[in-house]
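As structure tokens, the structure follows; a few thoughts come after it.
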Amino acid sequence: MDPPLTAPHGIQISDITCDSFRVSWEMPPYDARRVTHYFIDLNKTAGQKENKFKHRDVPTKLVAKAVVLPMTVRGHWFLSPRTEYTLAVQTAIKRSDGEYTVSGWSETLRFCTGDYAMEQVKQLQEKAEGIAGRMLSFQVFYRNQTAEYFQHVRDKWGGLMLPSLKDQSGSHGSPISGTLHGVFFSCNTEFNTGLPPHDSPYGRWRVTVPAGHLFNENTNLYFADFYCMYSAYHYVVLVLAPRGSQGDGFCSARLPLLDPKNNPFLTRGEQGSYWHAQDLILEIVYTDPVPVGTGQLSEIKGHQLMSLSTANAKKDPSCKVCNIFGGR
């Protein structure tokens, strides 16, 4: 009789992306010649104390024919970006009766998948382009906050609105969430007036900054994200980064660069004309401090609609318009 299979050991995981990784392990040469299949136990760690099969001797999850290691595991239908997983491996020999002779399970490793790469962000961009609609004219970027915020800007920050860390709103794999610092602005106008809306979810005080102060020949424009929050409204996140700045360097490696005069989201033309997409809500991230004195501060006439806030908003995983894979 052949000796039993030895449990795989020395597992190594490498080349991790948002939806793939490579895995290898060690096994005796005699086992390597006999093994026909690999079983991979792959589980999300979130909300679970342990990630084990109810019956560890029953092969489930991923089944693959034996290949030369390292083996690539790829699949957006079971791998999510920025997600922690546990992984264990079992080797097997398929018998003539269709059943398997299996080894013991390897040790369990933990790893975390990566952010969206440039390829996935471009796929989001293409989807957003499909619903951007026609362009409307605008003249100012605006930022709503509380009276206490603007008082703090004057008293503690020397009149500068300082960049803050981008929250976890939007696509789960967004490369800017929790990594990029910026000052957040809006630019959408009301269709009938051409002016910013009277209401805001972020505070009753609004600073309006002339568009040319932030969006000019010295800034680069990047596409960053496309998402919705279980509603008909869709949001696009754009980044304005002064050329050569730290924010510009960060974005140039991760985000698609847009032509500031020819794109369906946000453009500038001749003689001080600026345009934004009508059918999208644009969120603008400016990566450098902005002096509050470059704009005008006033109290809005409308209401503070907290229900429309996108702070740490979760993307609707069922939306077919803004997801590039199922639920991403």
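Computation of the quantities below employed the complete heavy-atom set of this structure, encompassing side-chain atoms and omitting hydrogens, waters and symmetry-equivalent molecules.
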One should read off an interatomic distance between L280 CG and I131 CD1, to the nearest 0.5 angstrom, of 5.0 Å
Quick one about T108 and T86 (side-chain donor to acceptor, distance below 3.5 Å, no hydrogens or angles considered), yes or no?
no
On a heavy-atom basis, the closest approach of L221 and P260 is CD2-CA, 4.4 Å
Margin query: Show, in sequence, the C-alpha distance, side-chain angles and deciding distance for Y286 and F141, and conclude whether the ring pair (Phe, Tyr, Trp, His ring centres under 6.0 Å) test is met.
Written below: CA-CA 10 Å; Y286 189 80; F141 292 104; 8.5 Å; no
### Task
Fit a plane to each ring of F215 and Y274, take the angle between them on a 0 to 90° scale, and name the class: parallel (under 30°), tilted (30 to 60°) or perpendicular (over 60°).
tilted
### Query
Any luck finding a side-chain donor-acceptor pair between S171 and S174 under 3.5 Å?
no
Hits for ring pair (Phe, Tyr, Trp, His ring centres under 6.0 Å) against F265, two or more places apart or cross-chain, chain-then-number order -> F223
Checklist line | Common cluster, L238/V140, ILVMFWY with side-chain heavy-atom separation under 4.5 Å | finding: no
Check: Any idea how F39 and Y100 line up, ring-wise: parallel (<30°), tilted (30 to 60°), or perpendicular (>60°)?
Finding: perpendicular
Step through the shown structure and confirm whether more than 12 heavy atoms of other residues, nucleotides or ligands are within 6.0 Å of CD on E190. yes
Ignoring hydrogens and angles, state whether a donor on the side chain of S169 or D167 is under 3.5 Å from an acceptor on the partner side chain. yes
Under a 3.5 Å cutoff, is there a donor and acceptor pairing between the side chains of Y222 and D248? yes
dist R243:CZ -> N216:CG (nearest 0.5 Å) comes out at 8.5 Å
Ring pair (Phe, Tyr, Trp, His ring centres under 6.0 Å) filter on Y149, not counting sequence neighbours, yields none
Q. Are P317 and Y230 side-chain neighbours, meaning at least one heavy-atom pair lies under 4.5 Å?
A. yes
message = Grouping I, L, V, M, F, W and Y whenever their side-chain heavy atoms are under 4.5 Å apart, do I300 and Y142 come out in a common cluster?
response = no
Side chain to side chain contact (heavy atoms under 4.5 Å, CB included) filter on R22, not counting sequence neighbours, yields S14, D15, P70, T72
Practice prompt. Decide whether M135 and L258 are clustered together by the hydrophobic rule: side chain heavy atoms of Ile, Leu, Val, Met, Phe, Trp, Tyr closer than 4.5 Å, transitively.
Written response: no
Legend entry - Salt bridge E129-K122, side-chain N to carboxylate O under 4.0 Å: no
Going by atom types alone, do Y116 and D225 pair a side-chain donor with an acceptor below 3.5 Å? no
- Task: Please answer: with hydrophobic residues joined when any side-chain heavy atoms are less than 4.5 Å apart, are I176 and L257 in the same cluster?
- Result: yes
